[in-house]
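Scroll down for the structure; my scribbles are underneath it.
These figures come from a predicted structure and were not determined experimentally. For this chain, numbers begin at 1 and follow the sequence in order. Heavy atoms only: backbone and side chains are in, while hydrogens, waters and symmetry mates are out.
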Amino acid sequence: MRLSPSPDLWTLLWIVLLFNAMGCIQSIRCKPKSFRDSIIVLEVKTSIDSNPTSIDESSSVVLRYRTPHFRAFARVLVPPVAGKETWTIGWIQACNHMEFYNTYGNKGMSSWELPDLRDSKIQAISDSDGVNYPWYGNTTETCTIVGPTKKDSKFSVSMNDNFYPSVTWGVPVSDSNVPQLSSIHRDQSFTTWLVAINQATSETLVLQTIHWRMRLHIQVDPERPLGQRAVLNEPFAQEQPQIMGKNESIPPNAMVKPNANDAQVLMWRPKNGDPVVVIPPKY
């Protein structure tokens, strides 16, 4: 013969189970979220301006051109930071590929090169401003949150980039300035990350990843008068940047010195003979 529990016993068991469940729910609700879990990217926008590359022939020594701007913008929400932590949120950029050739008829060509990237020794190289590593810049490009904070922090970070170089009309290793430049070819690819970094621990959170590319081909007739020599062949409009659906990790070389400007080398590669270093790296 089996005895059934009394109604009072069932009531007591129900109360104990209910309180245990409420305790579990309360502990989950009260557990503070980590910074990684609480930071929210509210908006990301990116584009390359629609205007074509402009050409400037006002100098008798160099041709100048200016490409359209790449632009990136993000709005970020950071809920209250409980601990004494300092986080910087902003843009980091690296160059993944570079072709930059200036042809001088049948004499040869000059080329700006990133040797380690060219030789596939590294995946990417930092495109920092050269001062605020690893950040692209330190004005509109970053924002720093110092904890503890009691309220949500909402802010925006933005950056832009373009090319505005000078290319000599004459062969760069010659004392003569006779115009011989016949074409300019440039094709560069970049990855740009929206990143949060803990200043004390160096914990790094990738919040967004963008790929973009800038291309141009300028044809030059050095026989024509100054102001009428250069014509933009392609492209008249650049491919628009891609916001990646899945974030990508940042290669180590994108976070440290040297940056692309300091690592690049100007080479002269003649049709006949050995290559010559015209401008060595700065580091």
Side-chain angles (χ1 to χ4, degrees), residues 46 48 65 67 69-70 72 88 90-104 108-138 141-142 159-168 171-173 183-195 197 202-206 208-217 238-239 241-242 244 246-271 273-283:
T46 183
I48 294 178
Y65 62 84
T67 65
H69 282 82
F70 161 78
T88 299
W91 297 104
I92 293 174
Q93 181 164 284
C95 177
N96 312 103
H97 175 79
M98 183 168 83
E99 298 173 16
F100 187 176
Y101 310 131
N102 308 309
T103 304
Y104 292 82
M109 71 175 187
S110 66
S111 61
W112 284 102
E113 302 175 11
L114 295 164
D116 285 352
L117 192 64
R118 176 197 65 203
D119 299 339
S120 301
K121 293 180 180 178
I122 57 175
Q123 289 180 272
I125 189 165
S126 169
D127 199 28
S128 166
D129 62 1
V131 178
N132 300 286
Y133 285 95
W135 306 106
Y136 182 76
N138 196 32
E141 297 87 358
T142 60
M159 62 163 286
N160 66 78
D161 190 11
N162 79 325
F163 308 149
Y164 184 41
S166 300
V167 182
T168 57
V171 173
V173 294
S183 72
I184 298 171
H185 165 84
R186 190 161 184 175
D187 187 349
Q188 278 185 255
S189 299
F190 299 86
T191 303
T192 307
W193 294 270
L194 179 65
V195 180
I197 297 180
S202 297
E203 181 183 1
T204 300
L205 311 178
V206 176
Q208 198 73 63
T209 307
I210 297 170
H211 287 180
W212 66 280
R213 181 184 185 189
M214 191 75 76
R215 296 183 299 134
L216 65 90
H217 178 209
Q238 301 290 332
E239 300 171 28
Q242 290 183 296
M244 307 309 290
K246 184 178 180 181
N247 280 321
E248 300 174 7
S249 59
I250 306 175
N253 289 85
M255 301 288 286
V256 296
K257 297 179 180 181
N259 68 350
N261 284 343
D262 288 346
Q264 65 185 353
V265 178
L266 180 62
M267 300 293 297
W268 170 248
R269 298 187 176 277
K271 288 281 186 180
D274 296 328
V276 177
V277 176
V278 181
I279 300 177
K282 295 177 183 176
Y283 76 98

Heavy-atom distance under 4.5 Å between the side chains of [X] and [Y], does that happen here?
| X | Y | answer |
| --- | --- | --- |
| Met109 | His185 | no |
| Ile122 | Pro251 | no |
| Trp91 | Leu194 | yes |
| Met267 | Val277 | yes |
| Phe70 | Thr46 | yes |
| Ile48 | Pro241 | yes |
| Met244 | Gln242 | yes |
| Thr168 | Ser110 | no |

For the student: nearest non-hydrogen atoms of [X] and [Y], plus distance:
| X | Y | answer |
| --- | --- | --- |
| Ala263 | Pro281 | O-CB, 3.8 Å |
| Thr67 | Leu216 | CG2-CD2, 3.7 Å |
| Pro134 | Ala254 | CB-O, 4.3 Å |
| Ile210 | Ala72 | CD1-CB, 4.2 Å |
| Tyr133 | Asp262 | OH-OD2, 4.3 Å |
| Val131 | Ser128 | N-OG, 4.3 Å |

[X] side-chain N/O to [Y] backbone N/O, donor-acceptor pair under 3.5 Å:
| X | Y | answer |
| --- | --- | --- |
| Tyr136 | Thr142 | no |
| Asp127 | Gln93 | no |
| Trp193 | Glu248 | yes |

- Query: Using the ring of each side chain (for Trp, its six-membered ring), is Trp268 parallel, tilted or perpendicular to Tyr104, with breaks at 30° and 60°?
  - Reply: perpendicular

Roughly how far, to the nearest 0.5 Å, is [atom2] of [Y] from [atom1] of [X]?
| X | Y | atom1 | atom2 | answer |
| --- | --- | --- | --- | --- |
| Asn162 | Tyr65 | CG | OH | 10.5 Å |
| Trp112 | Asn102 | CH2 | CG | 9.5 Å |
| His217 | Asp187 | NE2 | CG | 12.0 Å |
| Trp135 | Met159 | CH2 | CE | 12.5 Å |
| Arg215 | Arg186 | CZ | CZ | 14.0 Å |
| Cys95 | Asn253 | SG | CG | 12.0 Å |

- Task: Output every pair passing side-chain hydrogen bond (donor to acceptor under 3.5 Å, both in side chains) with a member in residues 114-125, not counting sequence neighbours, ordered by first then second residue.
- Result: Glu113-Arg118

- If you measure only the distance, is there a donor-acceptor pair under 3.5 Å linking the side chains of Thr191 and Asn96? yes

- Do we see a donor-acceptor contact under 3.5 Å between the side chains of Thr192 and Trp212? yes

- Message: Working note: Met214 + Gln238, criterion side chain to side chain contact (heavy atoms under 4.5 Å, CB included); need CA distance, chi angles, decisive distance, verdict.
- Response: CA-CA 7 Å; Met214 191 75 76; Gln238 301 290 332; 3.5 Å; yes

